[in-house]
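Remarks on the structure that follows.
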Amino acid sequence: KFGPGVLVRTFAMAALREWVFATAFPDFAPRNVRLLQAYRNIIVTHDGWHKLHNLELAAYDSIIEEDSFRDVLVPRRAKELTSRLLSILGPWFSSGNDNLELGSWGDSSDVCGERRFRLTEIFEAALNLKASMVRSDQTFEFVIYPPETPLVNKDRPVTDEQGGESLGFTQNGDHWIAASIHLYRANASSPRNALKDALIQCRNLVKKSSEERLQSSVYTKTILLPR
C-alpha cells in the first residue's frame with residue numbers, strides 16, 4: 001500500500017521515539033555513589049531545593065556544551081543508531097544476496113551514502129534535541145501518526161497510532177502529518193521528594209490521552225512530510 005519512502009520515514013519516526021526520546025540519554029549521573037548522594041542531601045537540606053536544582057542544571061549544561069559531547073559522543077551515537085535502523089530495514093528492501101549491514105538494498109553507492117548521511121543527520125538532531133530538553137523543567141510527548149495521515153481542518157481531530165484524537169491542523173494536500181511534539185509542565189513527585197525533584201530527570205518522555213494532550217500541552221510542534 002505504501003512506497004519505500006513512506007515505510008522508511010515511518011520506521012525512522014518509531015526509532016526516534018524508542019531509541020532516543022524514550023531513553024535516559026544523556027544521563028551523566030553515576031549510580032550508588034555515596035559521596036555524591038551525601039553532597040546532594042547536604043545542599044538540599046542547608047541551601048534549599050533551588051540551589052541544588054540550579055547546580056544540577058549548571059553541571060549538565062557544562063557537559064552538554066563540551067566539544068567531546070557535541071562533536072564526538074552525539075555523532076558516534078547517531079551513526080550507531082543509523083546502522084541499527086538500516087540493519088532492521090534491510091530484509092524489507094534487500095535481495096537475499098544483499099549485504100544487510102551496509103544497507104545497500106541494491107542501490108548504488110551514492111544512493112546508499114546519501115541515505116545513511118540523511119538518517120545520521122536525523123538521529124543527530126534528535127539526540128541534540130533530547131539533550132536540550134532534559135535541561136528544562138518540562139516533560140514532553142512524541143506522538144506518531146499512521147503513514148500518510150492527512151492534515152485536516154483545525155476544528156476536526158486527527159487520530160494517532162494509539163487511536164486517540166488530537167487537535168487538527170490546517171489542510172495541506174502536499175504534506176501529511178508524521179508526528180507531533182507536545183510539551184507539558186513537569187509535575188512534582190508524589191509523595192513529595194524534594195531531593196528527587198531537584199535532580200535532572202533524563203527520562204522525561206510521557207504518554208497522554210488525547211483529552212489530556214489537548215488540555216495540558218503548553219506547546220505543540222508538528223512534523224510534516226511531503227507526499
Side-chain angles (χ1 to χ4, degrees), residues 8-33 36-37 39-40 52-89 101 103 115-145 160-162 178-189 193 195-208 213 217-223 225:
V8 171
R9 291 165 182 163
T10 302
F11 275 102
M13 288 293 171
L16 291 180
R17 186 177 64 185
E18 299 303 319
W19 299 347
V20 179
F21 297 135
T23 69
F25 180 86
D27 187 0
F28 306 120
R31 297 291 180 265
N32 301 319
V33 178
L36 176 61
Q37 187 69 18
Y39 275 130
R40 287 171 166 172
L52 176 58
H53 187 59
N54 289 338
L55 284 173
E56 286 277 317
L57 289 173
Y60 266 77
D61 278 341
S62 68
I63 298 175
I64 289 173
E65 293 302 323
E66 289 178 355
D67 292 341
S68 60
F69 179 82
R70 294 181 300 174
D71 301 332
V72 179
L73 191 152
V74 168
R76 183 176 66 235
R77 181 71 63 85
K79 290 177 181 177
E80 292 171 352
L81 294 176
T82 296
S83 296
R84 182 180 177 186
L85 179 60
L86 289 174
S87 178
I88 290 174
L89 290 175
E101 184 177 356
R115 178 166 54 233
R116 181 175 290 273
F117 174 76
R118 295 301 177 189
L119 287 173
T120 302
E121 260 191 339
I122 291 171
F123 278 116
E124 192 167 334
L127 289 165
N128 282 316
L129 176 61
K130 178 65 164 61
S132 68
M133 294 180 77
V134 303
R135 297 184 286 179
S136 67
D137 294 322
Q138 294 176 320
T139 57
F140 74 103
E141 182 179 24
F142 188 69
V143 181
I144 302 174
Y145 297 88
D160 60 33
E161 63 171 351
Q162 289 86 26
S180 58
I181 298 176
H182 307 266
L183 298 184
Y184 307 98
R185 293 185 177 88
N187 296 321
S189 58
N193 184 327
L195 176 59
K196 178 182 177 181
D197 290 344
L199 303 182
I200 296 295
Q201 303 299 320
C202 292
R203 291 190 180 274
N204 54 353
L205 182 73
V206 297
K207 182 178 179 181
K208 302 280 189 180
R213 193 177 303 145
S217 176
V218 296
Y219 175 81
T220 296
K221 176 69 175 180
T222 58
I223 299 175
L225 294 177

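Model, not experiment: these values are computed from the prediction.
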(request) Examine distances only and state if a side-chain atom of Ser83 and a backbone atom of Lys79 form a donor-acceptor pair shorter than 3.5 Å. (result) yes

(request) Side-chain contact test, heavy atoms from C-beta onward, threshold under 4.5 Å: evaluate it for Tyr145 versus Thr10 and give yes or no. (result) no

(request) Using a 4.5 Å cut-off on heavy atoms from C-beta on, say whether the side chain of Leu52 contacts that of Arg40. (result) yes

(message) Measuring only between side-chain heavy atoms, which start at C-beta, is Arg77 closer than 4.5 Å to Val20?
(response) no

(message) Is the shortest side-chain heavy-atom distance between Met13 and Arg9 below 4.5 Å?
(response) no

(request) Could you label the plane-to-plane angle of the Phe142 and Phe21 rings as parallel, tilted or perpendicular, counting under 30° as parallel and over 60° as perpendicular? (result) tilted

(request) Decide yes or no on side chain to side chain contact (heavy atoms under 4.5 Å, CB included) for Leu205 and Lys130, but give the supporting numbers first. (result) CA-CA 10 Å; Leu205 182 73; Lys130 178 65 164 61; 5.9 Å; no

(request) Take Lys196 and Gln201 through the test side chain to side chain contact (heavy atoms under 4.5 Å, CB included) and record every step on the way to the result. (result) CA-CA 9 Å; Lys196 178 182 177 181; Gln201 303 299 320; 4.1 Å; yes

(message) Is any side-chain heavy atom of Phe123 closer than 4.5 Å to one of Leu16?
(response) yes

(request) Show the numbers, then the answer: is there a side chain to side chain contact (heavy atoms under 4.5 Å, CB included) between Thr220 and Arg213? (result) CA-CA 10 Å; Thr220 296; Arg213 193 177 303 145; over 6 Å; no

(message) What I want to find out is whether Arg70 reaches Glu65 closely enough, with some N-O distance under 4.0 Å, to be called a salt bridge.
(response) yes

(message) Any non-hydrogen side-chain atom of His182 less than 4.5 Å from a side-chain atom of Tyr184?
(response) yes

(request) May I ask you to test the Leu57-Ile200 pair for a side-chain heavy-atom distance under 4.5 Å? (result) yes

(message) Could you check whether atom CZ of Phe28 has more than 12 heavy atoms from other residues, nucleotides or ligands sitting under 6.0 Å from it?
(response) yes

(message) Show, in sequence, the C-alpha distance, side-chain angles and deciding distance for Gln37 and Leu195, and conclude whether the side chain to side chain contact (heavy atoms under 4.5 Å, CB included) test is met.
(response) CA-CA 10 Å; Gln37 187 69 18; Leu195 176 59; 3.3 Å; yes

(request) Mind listing the closest non-hydrogen atom pair of Phe25 and Val134 along with its distance? (result) O-CG1, 4.1 Å

(request) Search all heavy atoms of Pro26 against all heavy atoms of Cys202 and return the closest pair with its distance. (result) O-SG, 3.1 Å

